[in-house]
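Being a predicted model, the structure only gives us computed values, none of them experimental. Numbered from 1 within each chain, the chains take letters A, B, ... in sequence-line order.
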Protein chains: 2
Amino acid sequence: MDYHSFKKKYASFGKDIFQEIFRNNQDVIRIKKEKTALGNLEKIFNAVFSISCKKGFHAMSMRDLSEKTNISLGALYGYFPGKKQLLSIIQSQGDAMIRKVLARSSTAHEHPRNQLASVIKAHVFMSEMYRPWFYFIFMEAGRINPAQFKAVESMEKYTGKILVDILKQGEHQGVFKPGNHELTAGMIKAMQQEWYLKRWKYRRLKISVDEFADHLIAVVEAFCLAG
Amino acid sequence: MDYHSFKKKYASFGKDIFQEIFRNNQDVIRIKKEKTALGNLEKIFNAVFSISCKKGFHAMSMRDLSEKTNISLGALYGYFPGKKQLLSIIQSQGDAMIRKVLARSSTAHEHPRNQLASVIKAHVFMSEMYRPWFYFIFMEAGRINPAQFKAVESMEKYTGKILVDILKQGEHQGVFKPGNHELTAGMIKAMQQEWYLKRWKYRRLKISVDEFADHLIAVVEAFCLAG
DNA sequence: GTCTATACACAGATAGAC
DNA sequence: GTCTATCTGTGTATAGAC
């Protein structure tokens, strides 16, 4: 599967993000009309990503956010109870989204080789579709309070385990070489992260997501495949 | 070469860091007695790394720094002219240090295979010795002002070029397979970064620097070596 | 629901005694 | 060289008119 068809398949995910946020946080969001809320939530989140990509979330002031969104300072507080809570909304929403897609993609194939390639691609394509979320969570999450670091750790374990399980299963079937699968999983995850952490570099080199993902899989298979 | 012998060879580098900082910034450091300055500079830098690792540089207040170092708020300003300048001192000092070591290690061997392995190891070992510097520069640099982002870009290009040159040279000699060397270099750098960005994970898994570096080189060679 | 005006806390930085 | 006390700007958050 290439990025184009992946995007089509998961297009629906994106549309509902702000709806989910709105509904999951009814208790803290003061705005009651869903229609106006959704539009403004989108503006707000995009602005947060854009500003904190440049200077970091902590350095972003509420006044910055107000300017960028054209929503007044006072009105902003109708959409979230405070700056800290905004951070944790982004974190937990992103978390849920990633888990949902990854869980689906890891059961799509039978053969370990295809399974591995499929999971790797899903993650890279996912990070392309929602790059601001991925980048933000990596750079900002876990640095505010210990509870959020726990979430980062847990996610790291979760995505790691998916890869390790496939590698073990593949070794058992004689498809993959034996080895330190934890380490290999770490290497794979590092390469996946490269895509959303340094995308400016690959844009400049004119390397597409598909090229990147294929190269990544080629590296992994060269190392893992038996025979 | 393993980490132990690398550390011995480059031990002298560490001792002089604060001396270099002190001498390179005579114009802005008000403290004149070198001996007292060196001790306090070390305390200050370690505190900066420790605090901003947890909450980020921007979230670290000068009062936080004062508490952690047991140096009063006013006295701190004798060691650097302001918070922003402190950031740029760390950035440029780290930059110079990395370039110095990398330049030396890339000319240590003749055969491309050894050269590649040597450069990769040097970088990983380097990041182990000065992990706080590496982590700090990755997380904080380039997010304050555009000039510092330029420095990040330039460093990325520099380390990338070293790898690409070796890969090209190796391909020319028939040692390495042909391929998109820019992409391969990106993958290598991603895996190198993994070590200092997620060290807590490898500490928990009880994986040593040497194991990590060897695994990384094994992955790279499986993909790159011809035949 | 959205705005402006403002309260209040805390940041970086300096002055001046010791 | 180091301290305490303080100045001044900026940040988050709220109150209350529209």
Problem - B:Glu194/B:Lys201 ion pair, N-O < 4.0 Å - result: yes
Handout entry: Value in whole Å for how far the P atom of D:dG1 lies from CG of B:Leu41
Key = 12 Å
Fill in the blank from the handout: Closest of C:dG1, D:dG1, D:dC3 to the A:Thr36 side chain is C:dG1
Every protein N/O lying under 3.5 Å from an N/O of nucleotides 9-13 of chain C:
| from | atom 1 | to | atom 2 | distance (Å) |
| --- | --- | --- | --- | --- |
| C:dG12 | OP1 | B:Met60 | O | 3.4 |
| C:dG12 | OP1 | B:Lys83 | NZ | 3.0 |
| C:dG12 | OP2 | B:Met62 | N | 2.5 |
| C:dG12 | N7 | B:Arg63 | NH1 | 3.1 |
| C:dG12 | O6 | B:Arg63 | NH2 | 2.9 |
| C:dA13 | OP2 | B:Tyr77 | OH | 3.1 |
| C:dA13 | OP2 | B:Lys83 | N | 2.9 |

Exercise for the section: Output yes when B:Glu140 and A:Arg143 qualify as a salt bridge under the 4.0 Å nitrogen-oxygen rule, no when they do not. Expected result: yes
Exercise for the section: Grab the NZ-C1' distance between A:Lys35 and C:dT2 for me, whole Å please. Expected result: 18 Å
Practice task
For residues A:Phe6 and A:Tyr10, establish whether the separation of their ring centroids is below 6.0 Å.
Solution key: yes
Handout entry: Presence of B:Tyr79 side-chain N/O under 4.0 Å of D:dT2 phosphate oxygens OP1/OP2
Key = yes
Handout entry: Neighbour count >12 (heavy atoms, 6.0 Å) for atom NZ, A:Lys32
Key = yes
Practice task
In whole angstrom, give the distance that lies between atom CG of A:Leu76 and atom C1' of D:dG11.
Solution key: 14 Å
Practice task
Take atom CG of B:Leu65 and atom C1' of D:dC3, then tell me their distance rounded to the nearest Å.
Solution key: 16 Å
Practice task
Would you please indicate yes or no on a ring centroid separation below 6.0 angstrom for B:Tyr3 and B:Phe125?
Solution key: yes
Fill in the blank from the handout: Taken to the nearest whole Å, CG/A:Leu86 to P/D:dT12 is 11 Å
Practice task
Determine, for A:Glu156 against B:Arg204, whether the closest basic-nitrogen to carboxylate-oxygen distance falls under 4.0 angstrom.
Solution key: no
Exercise for the section: Determine the contact category for B:Gly74: base if any of its heavy atoms lies under 4.0 Å from a base atom, sugar-phosphate if only primed atoms, P, OP1 or OP2 are that close, otherwise nothing. Expected result: base
Exercise for the section: Considering just the side-chain nitrogens and oxygens of B:Asn40, establish if one lies under 4.0 Å of OP1 or OP2 belonging to D:dT2. Expected result: yes
